[in-house]
There are 2 protein chains.
Amino acid sequence: MRAAKDRSVVEDYVKVIYAHTEWQPEPITTSVLAARLGLAASSVTEMVKKLGSAGLVTHVPYGAVELTSEGIRLALRMLRRHRLIETWLVEVFAYGWDEVHDEAEVLEHTLSDRLLEAIAGQLGEPSRDPHGDPIPTADGRVLRPEAVLLRDAPEGSIGRIVRISDRDPTLLRYLLDEEITLDVELTVLGRKPFGGALAVQAGAVEHDLGEEATASIWISTGEPSPAGGVPLETS
Amino acid sequence: MRAAKDRSVVEDYVKVIYAHTEWQPEPITTSVLAARLGLAASSVTEMVKKLGSAGLVTHVPYGAVELTSEGIRLALRMLRRHRLIETWLVEVFAYGWDEVHDEAEVLEHTLSDRLLEAIAGQLGEPSRDPHGDPIPTADGRVLRPEAVLLRDAPEGSIGRIVRISDRDPTLLRYLLDEEITLDVELTVLGRKPFGGALAVQAGAVEHDLGEEATASIWISTGEPSPAGGVPLETS
DNA sequence: GGTAGAATTTCGGTGTGCCGAAAATCAAGA
DNA sequence: TCTTGATTTTCGGCACACCGAAATTCTACC
């Protein structure tokens, strides 16, 4: 009689595996998985074996762990849940960006599909969460906005902020203070000498952003509609 | 690493123990507890022993199980959560009376205090749930409306429905159809001969209600404000 | 007061996810 | 190619909530 807990554990493994490859294509190793989950390596090896038998991942011993199409489907389901819940907490309950994560981490495993879709409906089926991360549709499709890391944007380019990584809450708060938020139009002025900060202009204001910030902000130089993008996965 | 599950299990035991004595004062036995939880008697004996060490219940071997004041505090906390969530699902998401239970059963263990109280705020700190069951306050006080079972109401008495037991969803739907709902004014006309149905008048309409219904409906013959009542427990 | 039957507890055992230590495997430099 | 250090897996064990069967205790009737 452990069904509930089981599901939640499996979902967490799959979510972390997926997250690792969402913004870069390196497959994950068991030790990295263990670190991300805060578990011993031996525990992860065991569990990965079970996920393999369940058809959610492939894993050659001593090699990388990769999601099967079924695993991806589950991961996208969890991603939808997580990001919808975060959006909901921010929109309806005035949570701050940096406060939603723990609550969403729990609720993504426990809300019924019915309630989750009702919430999605009340929010107007949003296509991205407060950080700009795309929210997969209920049938497992994702539109990832075509974007470049601000760090990699060529000098002189103009773009709209479409994503800000939620890795570092401190950074989120700093950017919020500086009014560098989603959908703000940015002009890349140029890089300070000796690997220094990147000068950008937002509205009338000029900012010098360090590596930490420019590696966390994605901008889109294309059309302003969030409908654009590339289909990432299909269920 | 089993904190989450643990908590949820303990909460369920305490909730069931409390529920058993909420509307009648018989203490519960381990076998009844086991039946209500759907577990083997031996499992319950073991767990009750642990709840005892945790200071939540008292239990003399082969005797009844009773909540300590700390146990009651936890039970009221869970009752508040359960009933607030049910109210919320009905009011905000248009769930039916008979559809809220399972969802609430899960969420009562997983919503954070912060989110729960935010929901309570949005609902306007309701004092009773859709069935008329009192919602304990955040600091553990309950106002139980002074009410009598319709079955026990004297002939000729007039009263307002203040509670309808949620034990039987079929009955709830039937009563809803007949527009016998919370706050409806009822006049007890009289009992049909030979232990038959009870005739009551609601508005202009007359109903004959069987034992099942009259044992599930509570009416208040006192003042019409839901603020009246007796303090039940204090934390 | 004794005893049969019911209620309750004790006892041995299960499955799950986890851990640390030891063994196996891999990868990189000499 | 061989060795050595790092990574990964295997192995024995743990905690938890649970179960069925056996032993114990209670209760009610004679």
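Quick note on labels: first sequence line is chain A, next is B, and so on, each numbered from 1. Keep in mind the model is a prediction, meaning the values are calculated, not measured. Only this structure's heavy atoms are used, side chains among them; waters, hydrogens and symmetry mates stay out.
Across dT9(C), dT10(D), dA7(C), the shortest atom-to-atom separation from the side chain of Ser31(B) is found for dA7(C).
Distance check, rounded to the nearest 0.5 Å: OG1 of Thr110(A) to CD1 of Ile85(A) gives 7.0 Å.
Checking Tyr13(A) against Pro61(A), the closest nucleotide of DNA chain C that is more toward the 5' end is the one next to Tyr13(A). Heavy-atom nearest nucleotides on DNA chain D were determined for Glu46(A) and for Gly63(A), and the one closer to the 5' end corresponds to Gly63(A). Across the interface with DNA chain C, nearest-nucleotide mapping of Thr29(B) and Val44(A) shows Thr29(B) to be the residue nearer the 5′ end.
Whole-Å rounding puts the Glu11(B) CD to dA17(D) P distance at 12 Å. Taking atom CD1 of Ile28(A) as the reference point, atom P of dT8(D) lies 11 Å away to the nearest angstrom. Note: OH (Tyr62(A)) to C1' (dT25(C)) measures 4 Å, nearest angstrom. To the nearest angstrom, C1' of dC18(D) lies 14 Å from CG of Leu51(B). Distance Leu33(A) CG to dC18(C) P: 11 Å, rounded to the nearest Å. For the pair Met47(A) CE and dC19(C) P, the computed distance is 13 Å after rounding to whole Å. In this structure, Leu39(B) places its CG atom 15 Å from P of dT9(C), rounding to the nearest Å. Across the protein-nucleic acid pair, Lys50(B) atom NZ and dT9(C) atom P stand 14 Å apart, rounded to whole Å.
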Exercise for review: Could you walk me through whether His131(B) and Arg163(B) pass side-chain contact (heavy atoms from CB on, under 4.5 Å), step by step?
Suggested key: CA-CA 6 Å; His131(B) 312 291; Arg163(B) 178 173 186 257; 5.6 Å; no
Point to revise | Evaluation steps, side-chain hydrogen bond (donor to acceptor under 3.5 Å, both in side chains), between His82(B) and Asp129(B) | key: CA-CA 9 Å; His82(B) 187 91; Asp129(B) 75 5; over 6 Å; no
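Here the closest non-hydrogen pair linking Pro27(A) and Thr21(A) is CA-CG2, 4.1 Å.
A close approach under 4.0 Å does occur between a side-chain nitrogen or oxygen of His59(B) and OP1 or OP2 of dT9(C). The side chain of Thr30(A) contributes an N or O atom lying less than 4.0 Å from OP1 or OP2 of dT9(D).
Looking at residues two or more places apart in sequence or on another chain, you find no ring pair (Phe, Tyr, Trp, His ring centres under 6.0 Å) involving Tyr174(A).
You'll find the ring centres of Trp88(B) and Phe93(B) inside the 6.0 Å limit.
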Please write out the pairs of protein N or O atoms and N or O atoms of nucleotides 20-22 of chain C separated by less than 3.5 Å, giving the distance to one decimal.
{"from": "dG20(C)", "atom 1": "N7", "to": "Ser42(A)", "atom 2": "OG", "distance (Å)": "3.3"}
{"from": "dG20(C)", "atom 1": "O6", "to": "Ser42(A)", "atom 2": "OG", "distance (Å)": "2.9"}

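Here salt bridge (charged side-chain N to carboxylate O under 4.0 Å, His left out) pairs that include residues 106-121 of chain B, with residues two or more places apart or in two chains, are Glu99(A)-Arg114(B), Lys15(B)-Glu108(B), Arg77(B)-Asp113(B), Arg80(B)-Glu117(B), Arg81(B)-Asp113(B).
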